[in-house]
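Start at 1 with the first residue, then count along the sequence.
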Amino acid sequence: MAGGGDGKDELREALASVNLRQRKTSDEAEKHAFWDTQPVPALSDDTDYLSDVLMGPIDPPEPDKVRKQPYNLPDMFQWSDVNLDREEEAQQLYELLHENYVEDGDNMFRFDYSIPFLRWAMQPPGFRPQWHVGVRVTQTQKLVAFIGCTPAELYCHGQRVQPGPPPSSSAKDEADSSTSQSSTSPQETSENENESAVPPSDTPQGDAAVPCADRADVSSARDSVVEVNFLCVHKKLRSKRLAPVLIREITRRVNICGIFQACYTAGVVLPKPVARSRYYHRSLNPKKLIEVGFSRLAPRMTMVRTIKLYALPDAPQTRGLRPLKDSDCEVCCKLLNEHLKRYALAPRLSIDEFRHWLMPRTGVVHCYVVEDPSTKALTDMLSFYSLPSTILGNDKHRTLRAAYCYYYFTTKTTLLHLLTDALILAKRLDFDVFNALDILDNETVLKELKFGIGDGHLQYYMYNWRCATVKPSEVGLVSSDEPSDETRAPLMKPDAIAFRPVSSRPPSAAHVASLCADDEARLSSQPDAM
């Protein structure tokens, strides 16, 4: 029979693929043993077309059953809250994260969370000191592990994420019946120890034995979830299984405060992602990026032509663009919240929270608004935050300065023009690269703005909350800790034109040509002069 050999080869490849998937499934089952004990959907659960009546808490809130005492640690360790207002303790957390939190697989870059950044990320309105959970060596008092969380109000598929009873069994039966009847044409509905964020469960030893005091500020009545982040264990202690204990401990502390849901992000796949997004990268200083190994020259491109390819205007193009002022916060908070209602997974910010997260802070967060020259009305807003990396083993450059796309809204200016101005502003502030996820409306303009696609994903998770899968374009939640998972570090080197690919295979000529044919033709007519 003609082609019989090819058929046998295809069969062998198919069988090998099945065996590989089975081995991966077995490995994942062992890896997720901890998460299988938590109120999160299993990886095998079908959540793509989950009915509205099935969305909600997985476990009911049971305050009386929350453990009152901290979890036990090995004898040589003790719990210790980290007070970021004390310089010494803030420096200790900085050193722990800098040396142990994130480093790319090639040991070329290491994220550098500054102390001002950590205070911004971990001390929003309504933060609680007991939610900054540290572990110290009892004898030396050295900080060797940490996990933190911050309060937030979050909406998912139109529902406020908050404690409550799980969907009733009758509703579940009705939804299951409805799903089985329409399964042929479903309708779409609107133990990595360095996970960027991990959440709460049911049950601390140390500083957290005290009850959670009510807060006087307005946020106390608004908190519906916590965002969990900065889970970090010292490299030499990864075998001590401290990460699950840290997660259980912060869960207990949050539960004591009456919060039973959480959200978190991670570069690894855990049970079970609510949404899956991808990083894109836009070169601002291509010469430096190539010199430090962050990116590389694309085929048929010289350094001079690459610099020209990514050149930007010297000044923003939008009339009325200026830095955000305190007096703008009330109006901009309202406009941002209205904008975020368009997305299936998004927060709602109080004015105090907006002021904390978006008011410009030198070296941390940058925010600009567009004021109509005629009416003086505020029509648009853009923002980005700063997260540099230490460059390892390079004599010429010590720091890679990265800007990350943050929140924005548009009512008059197009998103393309607004984010073009964001790139120009970042370039003027001496950033080397501008990073963005394909969430919000970003994907509609990334290619035109010459972003290169990354070679990894960022997963969004909900703890103790079941909901339908959310598309990246339906995600309106931007975490300040997004890039901080160890497995996510290779995303710094996207597999796209002018960027060093994560894998060993270079981008194909067709792929390169499709990305830059127009710009290459334009640049070929210009002289190669610096």
Any heavy-atom pair between the side chains of Lys450 and Leu423 that's under 4.5 Å? no
Ignoring hydrogens and angles, tell me if any N or O in the side chain of Asn464 forms a donor-acceptor pair with the backbone of Pro57 under 3.5 Å. no
Do Val470 and His157 pass the side-chain contact (heavy atoms from CB on, under 4.5 Å) test, and can you show the C-alpha distance, the side-chain angles, and the key distance before you say yes or no? CA-CA 9 Å; Val470 177; His157 290 290; 3.5 Å; yes
Measuring centre to centre across the rings, with the benzene-like ring taken for any Trp, is Tyr406 within less than 6.0 Å of Tyr385? yes
Under 30°, 30 to 60°, or over 60°: which ring-plane class applies to Phe117 and Trp120, parallel, tilted or perpendicular? perpendicular
Report yes if the side chains of Lys272 and Val40 come closer than 4.5 Å at any heavy-atom pair, otherwise no. no
Roughly how far, to the nearest 0.5 Å, is the CD atom of Gln317 from the OG1 atom of Thr420? 8.5 Å
Basic-acidic side-chain contact under 4.0 Å: Arg110, Glu99: yes
Flag the pair Phe230 / Val82 as yes when at least one side-chain heavy-atom distance between them is below 4.5 Å, and no otherwise. no
For Leu415, does its backbone N or O pair with a side-chain atom of Asp441 as donor and acceptor, under 3.5 Å? no
Are the side chain of Asp438 and the backbone N or O of Arg278 linked by a donor-acceptor pair below 3.5 Å? yes
Does a side-chain heavy-atom distance below 4.5 Å link Pro124 with Glu353? no
Taking only residues two or more places apart in sequence or in another chain, which ones pass salt bridge (charged side-chain N to carboxylate O under 4.0 Å, His left out) with Glu87? Arg119
Is there a donor-acceptor pair under 3.5 Å between the side chain of Ser277 and the backbone N or O of Pro472? no
Salt bridge (charged side-chain N to carboxylate O under 4.0 Å, His left out) pairs, two or more places apart, involving residues 372-395: Asp372-Lys412
Taking atom CD1 of Ile290 and atom OG of Ser295, what is their separation to the nearest 0.5 Å? 4.5 Å
Under 3.5 Å side-chain donor-acceptor pair for Thr469 and Thr47: yes
NZ/NE/NH1/NH2 to OD/OE distance under 4.0 Å, Lys288 and Glu291: no
Does Asp432 reach the side chain of Leu284, with side-chain heavy atoms less than 4.5 Å apart? no
Rounded to the nearest 0.5 Å, what separates atom CG in Leu425 from atom CG in Leu382? 6.5 Å
Compute the ring centroids of Phe127 and His132, then answer whether they are less than 6.0 Å apart. yes
Please give me the minimum heavy-atom distance between Lys341 and Arg348, naming the atom from each residue. CG-NH2, 3.3 Å
Residue set satisfying salt bridge (charged side-chain N to carboxylate O under 4.0 Å, His left out) with Glu371, at least two apart, ordered chain then number -> Arg322
Stepwise, does the side-chain contact (heavy atoms from CB on, under 4.5 Å) test hold for Met381 with Cys367? CA-CA 7 Å; Met381 185 191 81; Cys367 186; 3.7 Å; yes
Hey, is the main chain of Phe111 close enough, under 3.5 Å, to the side chain of Tyr101 for a donor-acceptor pair? no
Taking the side chain as every heavy atom from C-beta outward, state whether Tyr408 and Asn442 have any atom pair closer than 4.5 Å. yes
When you look at NE2 of His397, are more than 12 heavy atoms from neighbouring residues, nucleotides or ligands closer to it than 6.0 Å? yes
Which pair of non-hydrogen atoms, one from Cys257 and one from Gln130, has the smallest distance, and what is that distance? SG-NE2, 4.4 Å
Look at the side chain of Asn255 and the backbone N and O of Ile259, then say whether any donor-acceptor pair between them is shorter than 3.5 Å. yes
Tightest non-hydrogen contact, residues Cys156 and Trp465, listed as CB-NE1, 4.1 Å
Chi angles and distances behind the side-chain contact (heavy atoms from CB on, under 4.5 Å) call for Tyr113, Leu387: CA-CA 7 Å; Tyr113 291 91; Leu387 179 52; 3.6 Å; yes
All heavy atoms of Ser386 vs all of Arg401, minimum pair found to be OG-NH2, 4.5 Å
If only atom types and distance count, is the side chain of Glu227 paired as donor or acceptor with the main-chain N or O of Thr150 below 3.5 Å? no
Quick check on salt bridge (Lys or Arg N to Asp or Glu O under 4.0 Å): which of Arg253, Arg86, Arg128 does Asp81 satisfy it with? Arg253
Begin from the C-alpha positions of Tyr407 and Leu340 and carry the test side-chain contact (heavy atoms from CB on, under 4.5 Å) through to its verdict. CA-CA 9 Å; Tyr407 287 107; Leu340 293 175; 4.1 Å; yes
For the pair Ser51 (side chain) and Leu54 (backbone), establish whether a donor and an acceptor sit closer than 3.5 Å, ignoring hydrogens and angles. no
Can the positive tip of Arg282 be found less than 6.0 Å from the middle of the six-membered ring of Phe451, inside 45° of the ring normal? no
Taking every non-hydrogen atom, the tightest pair across Cys467 and Leu50: C-CD2, 3.6 Å
When you look at CD of Glu330, are more than 12 heavy atoms from neighbouring residues, nucleotides or ligands closer to it than 6.0 Å? no
Flag side-chain contact, heavy atom, 4.5 Å: Tyr461 against Leu270: yes
Within a 6.0 Å radius of atom CG on Asp314, are there more than 12 heavy atoms belonging to other residues, nucleotides or ligands? no
Roughly how far, to the nearest 0.5 Å, is OG of Ser114 from CG of Leu97? 11.0 Å
Rounded distance [0.5 Å steps], CZ in Phe294 versus OG in Ser283: 8.0 Å
Going by the angle between their ring planes, with limits at 30° and 60°, are His339 and Tyr343 parallel, tilted or perpendicular? perpendicular
Expected output: side-chain Thr379 to main-chain Thr411 donor-acceptor under 3.5 Å: no
Counting distance only, does the side-chain N/O of Glu89 pair as donor-acceptor with the main-chain N or O of Asn83 below 3.5 Å? yes
Please report the shortest heavy-atom distance between Met122 and Gly148, naming the atom on each side. CE-CA, 3.5 Å
How about Lys396 and Val292: do any of their side-chain heavy atoms sit closer than 4.5 Å? no
Between atom NZ of Lys471 and atom CG of Asp48, what is the distance when rounded to the nearest 0.5 Å? 10.5 Å
